[in-house]
Number of protein chains: 2
Amino acid sequence: MAYTNAAFAALADPTRRTVFERLASGPLPVGEIARGLPVSRPAVSQHLKALKGAGLVTDRAEGTRRVYAIDPRGLGAMRAWLDQFWDGALSAFRAEVEQEHKHDD
Amino acid sequence: MAYTNAAFAALADPTRRTVFERLASGPLPVGEIARGLPVSRPAVSQHLKALKGAGLVTDRAEGTRRVYAIDPRGLGAMRAWLDQFWDGALSAFRAEVEQEHKHDD
DNA sequence: ACTTACCGTAAGTAATAACTTACGATGAGT
DNA sequence: ACTCATCGTAAGTTATTACTTACGGTAAGT
């Protein structure tokens, strides 16, 4: 999917991943997300913009505040990409181990 | 896991992700990986070093060449991190949809 | 209407990173 | 011993980016 590129790039930054993790328990307004973080609130806004562009979060207006929530689309894109390697990598790894055991004989 | 940080950072770069994808079909020496890529071979070596540090690839010496293969550890760390959100995000999304359907009545 | 709370964006800065070329080291073949 | 192939690392450059402060805009409350 088109989200794969942006999703990986977005979650690369530790601060941005922390922002994302704060939404795991449920939707939150920007101020709540930024509370206690070592960066300023505008920085959090910029991170949220990047996450939104990657299909990782959605935002809705609620009065004067903006509530963000996790968007499954970006998550799904990353999962699909990972699954592309999962089986192959495991079987290859298994074959690799057996190969090394042969050397032990 | 400790690999989570480095794994996300490693796969953020498109070139590096391409390098990683070339190992999907099986182990390859550096020269084979770099063949046809728009970057130099030393650049590929540097990418492989980053991938190795993230637990995404392993390397073994085979004569004068170095064969790289996909390491399931980094892949597993990312999958575990993703699964941490997967169920919650889906159920939250479902609740969100139902909430909006209520508005349609 | 005025103030306050909440938020996104613009501009500028400092740190990071992806890339290049140059070089050195090791193993295979003659 | 010599040459060639393969690869990792060092040094330097350029582009990207994460952050700050400053500002403007909208909604709610009095």
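Bear in mind the structure is a predicted one, so any value in this text is a computation, not a measurement.
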**OP:** Between Arg16(A) and Pro42(B), just flag the one whose closest nucleotide in DNA chain D comes earlier from the 5' side.
**Re:** Pro42(B)

Subject >> Basic-acidic side-chain contact under 4.0 Å: Arg79(B), Asp83(A) >> reply: yes

Subject >> Residue closer to the 5' end of DNA chain C, Thr64(A) versus Gln46(A) (nearest nucleotide) >> reply: Thr64(A)

Original post:
Roughly how far, to the nearest 0.5 Å, is CH2 of Trp81(A) from CZ of Phe20(B)?
Top reply: 5.0 Å

Subject >> Evaluation steps, side-chain contact (heavy atoms from CB on, under 4.5 Å), between Asp59(A) and Val30(A) >> reply: CA-CA 10 Å; Asp59(A) 61 334; Val30(A) 179; over 6 Å; no

Original post:
Are OP1 or OP2 of dC19(D) and a side-chain N or O of Thr15(A) less than 4.0 angstrom apart?
Top reply: yes

Subject >> Spacing of CG belonging to Asn5(A) relative to CE belonging to Met78(A), to within rounding of 0.5 Å >> reply: 11.0 Å

Subject >> Side-chain N,O (Ser45(A)) to OP1/OP2 (dG8(C)) below 4.0 Å >> reply: yes

Subject >> Check: Glu62(B) side chain, dT6(D) base, donor-acceptor under 3.5 Å >> reply: no

**OP:** Using whole Å, report how far CZ of Arg65(B) lies from C1' of dA25(C).
**Re:** 17 Å

Subject >> Nearest listed nucleotide, side chain of Asp13(A), among dA27(D), dC19(D), dT9(D) >> reply: dC19(D)

Original post:
For Lys49(B) and dG8(D), what is the distance between atoms NZ and C1' respectively, to the nearest whole Å?
Top reply: 8 Å

Original post:
Does Tyr68(A) make a side-chain N or O approach to OP1 or OP2 of dG8(C) shorter than 4.0 Å?
Top reply: yes

Original post:
NE2 of His47(A) versus P of dA18(D): gap in Å, rounded?
Top reply: 7 Å

Original post:
Once you round to the nearest 0.5 Å, how far does CZ of Arg35(B) lie from CG of Leu28(B)?
Top reply: 10.0 Å

**OP:** Return the residues of residues 29-41 of chain A meeting this criterion: a heavy atom under 4.0 Å from some atom of DNA chain D. Order them by number, or give none.
**Re:** Pro38(A), Val39(A), Ser40(A)

Original post:
Within the side chain of Arg16(B), is there an N or O that forms a donor-acceptor pair under 3.5 Å with the backbone of His47(B)?
Top reply: no

Original post:
For the pair made of CG in Leu48(A) and P in dC19(D), what is the distance, rounded to whole Å?
Top reply: 12 Å

Original post:
Between Arg17(A) (CZ) and dA18(D) (P), how many Å, whole number?
Top reply: 12 Å

Original post:
When you look at CZ of Arg65(A), are more than 12 heavy atoms from neighbouring residues, nucleotides or ligands closer to it than 6.0 Å?
Top reply: no

